[in-house]
Amino acid sequence: MVSLKLTTTIAMLAALTVAAPFPGPGPAPAEVSTSTSISTSTATKPFSFSQWVDDILNPNVVALTPEQALEAYYQSINGTSTTTTNNSLSKRAGATCETNNSKRMPVADAVYIVNTMAAGGQTPVHMPPPFCSEYICRSTSGRSAMVGQKDCLRLVEEPSEYWARAGGLIMDACTWGDMSGGKIIMPANQYITVLLSGQGY
C-alpha cells in the first residue's frame with residue numbers, strides 16, 4: 001500500500017511539472033555594460049602646458065615646437081564642450097587666474113615666454129634688492145610679460161627653467177579661449193611669485 005501511494009505521488013508531481021506553463025516572451029533584460037573606462041583613443045584631453053615644459057627640459061624627449069604646442073592646445077579645446085577654469089588642471093596647478101581681459105595676454109604670447117624661459121635651462125635669473133617686482137621676460141610685442149615679485153630686501157636667484165615650470169602651471173590653470181594670465185607662488189622657491197601679465201588686446 002505504501003508503495004502504491006508513493007508511485008501515485010510521483011506520477012502527480014510529474015504531471016504538474018509537465019503541465020506548468022512555460023513563461024511567454026517578455027521585455028528583453030537591460031544590457032549591463034562591463035566597461036568602466038573611456039578609451040584614450042577617443043577621449044579628448046586638455047593640453048598640458050606644464051607637461052610641455054617638462055618635455056622641453058627632458059633631453060630624452062623631442063618636445064613640440066611653440067607653434068605645434070599652440071596648435072595642440074587649440075585642437076584640444078575644439079574637442080571639448082567647455083573651456084572654463086573649473087577643471088582638474090586648475091585645481092592641480094593652484095594658481096590665481098586673472099579674469100580681467102585688460103590684464104591677460106594672448107595664448108601665443110604666453111607660449112613664447114614660457115618657451116623662452118625653458119630654453120634658458122639652468123641659466124640663473126637674478127632679482128636683487130631693492131627691487132620688489134621685475135620683468136623677467138617679454139613677448140616680441142612687448143605687451144605681455146613674465147613678472148617676478150618678492151620681498152624688496154631679499155636677493156633671489158633661480159634657474160630659468162624654474163620660471164618656465166611656474167609659467168606652465170599658470171597656463172594650465174588660467175588659459176581659456178585665446179587668452180591666458182595669472183600668478184602662482186614658484187614651487188621651487190616660496191619667496192617668489194610668478195605672474196603672466198598682459199596689457200590687454
Side-chain angles (χ1 to χ4, degrees), residues 35 37-121 125 135-148 159-188 193-201:
S35 174
S37 62
I38 300 175
S39 171
T40 55
S41 62
T42 58
T44 302
K45 300 177 181 178
F47 180 76
S48 173
F49 292 100
S50 59
Q51 181 60 56
W52 175 56
V53 172
D54 288 344
D55 290 345
I56 295 173
L57 299 175
N58 187 342
N60 298 318
V61 174
V62 178
L64 298 177
T65 65
E67 295 77 15
Q68 290 171 333
L70 195 61
E71 181 181 357
Y73 162 70
Y74 281 115
Q75 286 179 348
S76 74
I77 65 170
N78 288 338
T80 58
S81 59
T82 178
T83 56
T84 57
T85 59
N86 57 345
N87 54 42
S88 60
L89 289 178
S90 65
K91 296 175 183 178
R92 183 186 68 190
T96 300
C97 299
E98 178 59 68
T99 57
N100 185 343
N101 279 337
S102 67
K103 297 180 180 180
R104 288 167 63 78
M105 67 175 71
V107 180
D109 282 5
V111 165
Y112 172 84
I113 290 171
V114 169
N115 180 70
T116 300
M117 298 308 295
V125 176
Y135 288 105
I136 304 302
C137 180
R138 290 181 182 269
S139 64
T140 54
S141 68
R143 294 175 60 84
S144 304
M146 175 177 283
V147 179
S160 182
E161 65 181 59
Y162 287 7
W163 296 84
R165 292 184 190 278
L169 291 174
I170 295 171
M171 293 192 71
D172 275 354
C174 304
T175 302
W176 57 87
D178 295 320
M179 306 288 280
S180 187
K183 64 182 180 180
I184 193 171
I185 296 175
M186 182 184 287
T193 298
V194 181
L195 295 85
L196 288 179
S197 180
Q199 298 180 16
Y201 284 77

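Here the structure is a predicted model, which means the values were calculated and not measured.
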Point-to-point distance, once rounded to the nearest 0.5 Å, from CD of Gln199 to OG of Ser141: 8.0 Å
With Glu71 via side chain to side chain contact (heavy atoms under 4.5 Å, CB included) - residues at least two apart: Gln75
Shortest non-hydrogen contact from Gly94 toward Ile184: O-CG1, 4.1 Å
Shortest non-hydrogen contact between Gly182 and Cys174, atoms and distance: CA-SG, 4.3 Å
Where Ser180 and Ala110 come nearest, the two heavy atoms and their spacing: CB-CB, 4.3 Å
Phe49 side chain near Val107 side chain, heavy-atom distance below 4.5 Å: yes
Any side-chain heavy-atom pair of Arg104 and Trp176 under 4.5 Å: yes
Partners passing side-chain hydrogen bond (donor to acceptor under 3.5 Å, both in side chains) against Asn60 (at least two apart in sequence or in another chain): none
Minimal non-hydrogen separation, Leu64 against Ala72, with atom names: CD1-CB, 4.2 Å
4.5 Å side-chain heavy-atom contact, Phe47 and Ile77: no
Donor-acceptor contact present, side-chain Ser197 to main-chain Ala145, <3.5 Å: no
Side chain to side chain contact (heavy atoms under 4.5 Å, CB included) partners for Ala63, two or more places apart: Asp55, Ile56
Under 3.5 Å donor-acceptor, Asp178 side chain and Pro106 backbone: no
By side chain to side chain contact (heavy atoms under 4.5 Å, CB included) - contacts of Thr140 (at least two apart): Tyr112
Give the table of side-chain donor-acceptor pairs shorter than 3.5 Å for residues 161-171, with sequence neighbours excluded, one pair per line with atom names and distance.
from, atom 1, to, atom 2, distance (Å)
Glu161, OE1, Gln122, NE2, 3.0
Glu161, OE2, Gln122, NE2, 3.3
Arg165, NH1, Asp54, OD1, 2.4

For Ser160 against Val125, the heavy-atom pair lying closest together: CA-CG2, 3.9 Å
Side-chain donor/acceptor of Arg143 to backbone N/O of Asp109, under 3.5 Å: no
Considering all heavy atoms, the nearest Ile113-Arg138 contact: CG1-C, 4.2 Å
Trace of the side chain to side chain contact (heavy atoms under 4.5 Å, CB included) decision for Thr116 with Met146: CA-CA 11 Å; Thr116 300; Met146 175 177 283; over 6 Å; no
Reported OG-to-CE distance for the pair Ser102 and Met179, which is rounded to 0.5 angstrom: 9.0 Å
Nearest-0.5 Å distance, CG of residue Asp172 to CD of residue Gln51: 9.5 Å
